[in-house]
Number of protein chains: 2
Amino acid sequence: MTTSADERLDLVFGALADRTRRRMLAQLASAPASITELAAPHNMSLPGASKHVRVLEHAGLVRRTIDGRVHRCTLDLAAMRTADDWLAHYRAFWDHTLDALTDYVREDPR
Amino acid sequence: MTTSADERLDLVFGALADRTRRRMLAQLASAPASITELAAPHNMSLPGASKHVRVLEHAGLVRRTIDGRVHRCTLDLAAMRTADDWLAHYRAFWDHTLDALTDYVREDPR
DNA sequence: CAAACAGTAAACCATGTGGTTTACTGTTTG
DNA sequence: CAAACAGTAAACCACATGGTTTACTGTTTG
């Protein structure tokens with residue numbers, strides 16, 4: 001199951017492409033939560049929330065530990081970096097082109 | 001058409017969640033390209049590439065200027081920042097928790 | 001132990017996605 | 001001007017997605 005970089009990025013960006021899941025991540029950033037607690041703010045059925053958590057878990061953004069009948073979900077920061085590292089490449093790129101643009105405007109102000 | 005922050009993030013992350021589109025962006029980072037030129041590296045039909053470009057354009061990641069019969073596509077860095085800014089929030093967060101973890105390990109090494 | 005609770009499984013629905021082919025519009029060029 | 005070219009439109013396909021409801025498993029608790 002050698003998950004390629006492309007596969008990981010597909011999963012992470014795909015997981016982030018839904019506002020409900022992004023809000024769940026925000027919630028988990030402040031404290032771990034159960035599935036029920038994650039469902040509550042979204043007036044969403046439990047199976048609905050369960051599916052979102054599975055997507056987040058599959059993308060590696062959330063880990064789950066089962067304690068009796070309650071599933072405790074926590075943020076996984078490592079997976080968040082996968083997306084960040086990809087974007088970092090472009091961050092450097094756009095900083096550079098901003099510089100290039102500045103130089104251009106300075107040297108050739110007509 | 002007041003595109004909300006959530007809507008913009010949905011579109012940007014959704015656009016980034018496909019490896020073909022990510023490769024197109026990488027190609028555009030080195031030079032602007034036509035639809036045909038974007039299709040070429042992926043053995044993809046022209047309509048296929050056209051749809052991908054439309055997704056990227058709709059997400060604000062690509063701009064297009066039409067010159068005769070050829071469409072010139074260029075990267076739009078501003079939209080890339082939308083995703084980066086969202087992630088930046090978590091970047092700070094995980095740096096902080098790494099620090100917190102380090103402190104914890106130092107102060108309580110049992 | 002019975003009832004309430006946390007969660008998953010499965011079936012279902014509408015809509016979106018990634019891709020094709022075939023047909024068309026409009027532009028460039030021999 | 002006819003032929004080649006760049007691209008879009010539309011119809012189609014298989015499959016994924018976001019959501020529901022209904023039924024189930026297993027755990028906690030009065």
Side-chain angles (χ1 to χ4, degrees), chain A residues 3-4 6-28 31-74 83, chain B residues 3-4 6-28 31-74 83:
Chain A
T3 339
S4 76
D6 270 337
E7 268 167 46
R8 260 180 291 121
L9 285 170
D10 285 354
L11 292 173
V12 171
F13 281 129
L16 295 181
D18 181 277
R19 67 193 72 184
T20 301
R21 285 194 291 265
R22 285 195 305 272
R23 275 189 242 115
M24 286 179 169
L25 291 175
Q27 180 176 350
L28 291 176
S34 68
I35 307 283
T36 304
E37 287 162 352
L38 286 171
H42 307 288
N43 337 25
M44 171 168 289
S45 70
L46 227 31
S50 181
K51 282 166 114 182
H52 278 304
V53 171
R54 200 155 46 222
V55 171
L56 291 169
E57 198 182 13
H58 191 219
L61 290 160
V62 158
R63 253 171 318 169
R64 163 188 338 224
T65 63
I66 303 182
D67 182 28
R69 66 181 166 180
V70 50
H71 295 210
R72 187 155 175 285
C73 302
T74 59
Chain B
T3 337
S4 77
D6 269 339
E7 269 168 45
R8 259 178 292 121
L9 285 170
D10 285 354
L11 291 174
V12 172
F13 281 130
L16 295 182
D18 182 276
R19 67 192 72 183
T20 301
R21 285 193 292 266
R22 286 197 303 275
R23 275 189 242 116
M24 286 179 169
L25 291 174
Q27 180 177 350
L28 291 176
S34 67
I35 308 283
T36 304
E37 286 162 354
L38 285 170
H42 308 287
N43 337 26
M44 170 167 292
S45 69
L46 228 30
S50 181
K51 282 166 114 183
H52 279 302
V53 170
R54 200 155 48 223
V55 171
L56 291 168
E57 198 182 11
H58 191 220
L61 290 160
V62 157
R63 257 173 318 171
R64 165 192 332 227
T65 63
I66 303 183
D67 182 29
R69 67 182 166 179
V70 51
H71 296 210
R72 188 154 173 285
C73 302
T74 60

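Keep in mind it's a predicted model, so treat the numbers as computed, not measured.
- Closest heavy-atom contact between B/Arg21 and B/Gly14: NH2-O, 3.2 Å.
- Scanning both residues, A/Leu16 and A/Arg22, for their nearest heavy atoms gives O-NH1, 2.8 Å.
- Where DNA chain D pairs in unbroken runs of 3 or more (Watson-Crick or G-U, both distances under 3.5 Å), the stems are C:1-30 with D:1-30.
- With rounding to whole Å, B/Ile35 atom CD1 is found 18 Å from D/dC5 atom P.
- OP1 or OP2 of D/dT8 lies within a sub-4.0 Å distance of a side-chain N or O belonging to B/His71.
- Distance from the side chain of A/Thr36 is smallest for C/dA6 among the nucleotides C/dA6, D/dT20, C/dG19.
- Using modelled atom types, no side-chain atom of A/Glu37 and backbone atom of A/Gln27 make a donor-acceptor pair closer than 3.5 Å.
- Among C/dG18, D/dG7, D/dT20, the nucleotide with an atom closest to any side-chain atom of A/Lys51 is D/dT20.
- Toward the 5' end of DNA chain D, the nearer of the two residues A/Ser45 and A/Asp67, judged by each one's closest nucleotide, is A/Ser45.
- Judged by distance alone, the side chain of A/Arg19 and the main-chain N or O of B/Leu9 form no donor-acceptor pair under 3.5 Å.
- Mapping A/Ala17 and B/Arg54 onto DNA chain D by nearest heavy atom places B/Arg54 closer to the 5' end of the strand.
- Each of D/dT8, C/dG7, C/dA6 was ranked by its minimum atom distance to the side chain of A/Arg69; first place goes to C/dA6.
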Do B/His52 and B/Met44 pass the side chain to side chain contact (heavy atoms under 4.5 Å, CB included) test, and can you show the C-alpha distance, the side-chain angles, and the key distance before you say yes or no? CA-CA 11 Å; B/His52 279 302; B/Met44 170 167 292; 3.7 Å; yes
Output, in order, the C-alpha distance, side-chain angles, deciding distance and verdict of side chain to side chain contact (heavy atoms under 4.5 Å, CB included) for B/Met24 and B/Leu38. CA-CA 6 Å; B/Met24 286 179 169; B/Leu38 285 170; 4.2 Å; yes
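- Contact detail for B/Cys73 and B/Ile35: the closest heavy-atom pair is SG-CD1, 4.0 Å.
- In this structure, CG of B/Leu16 is placed 14 Å from P of C/dT17, rounded to the nearest angstrom.
- Taking atom CG on B/Asp10 and atom P on C/dT15, their separation rounds to 18 Å, with Å as the unit.
- Put simply, CD on B/Glu7 is 14 Å from P on C/dG16, counting in whole angstrom units.
- The interatomic distance linking B/Leu46 (CG) with C/dG18 (P) rounds to 18 Å, in whole Å.
- Within 4.0 Å (heavy atoms only), A/Arg72 reaches no atom of the nucleic acid at all.
- Side-chain nitrogen and oxygen atoms of B/His42 include none within less than 4.0 Å of the OP1 or OP2 phosphate oxygen of C/dG19.
- Distance, B/Asp18 CG to C/dG18 C1': 7 Å, rounded to whole Å.
- Contacts of B/Arg19 with the nucleic acid, taken as non-hydrogen atoms under 4.0 Å apart, are absent.
- Within the 4.0 angstrom heavy-atom criterion, only backbone atoms of the sugar-phosphate kind lie near B/Gly68; the bases stay farther away.
- In this structure, the nucleotide among C/dG19, D/dT22, D/dG19 sitting nearest to the side chain of A/Pro47 is D/dT22.
- Among the nucleotides C/dG26, C/dA6, D/dG7, the one closest to any side-chain atom of A/Val70 is C/dA6.
- Taking side-chain N and O atoms only, A/Arg64 has no distance below 4.0 Å to OP1 or OP2 of C/dA6.
- Partner A/Leu28 forms a side chain to side chain contact (heavy atoms under 4.5 Å, CB included) with one of A/Leu61, A/Thr74, A/Val62, A/Val53 and no other, that one being A/Val62.
- The interatomic distance linking B/Arg21 (CZ) with C/dG16 (C1') rounds to 11 Å, in whole Å.
- Here the P atom of nucleotide C/dG18 and the CE atom of B/Met24 are 11 Å apart, to the nearest Å.
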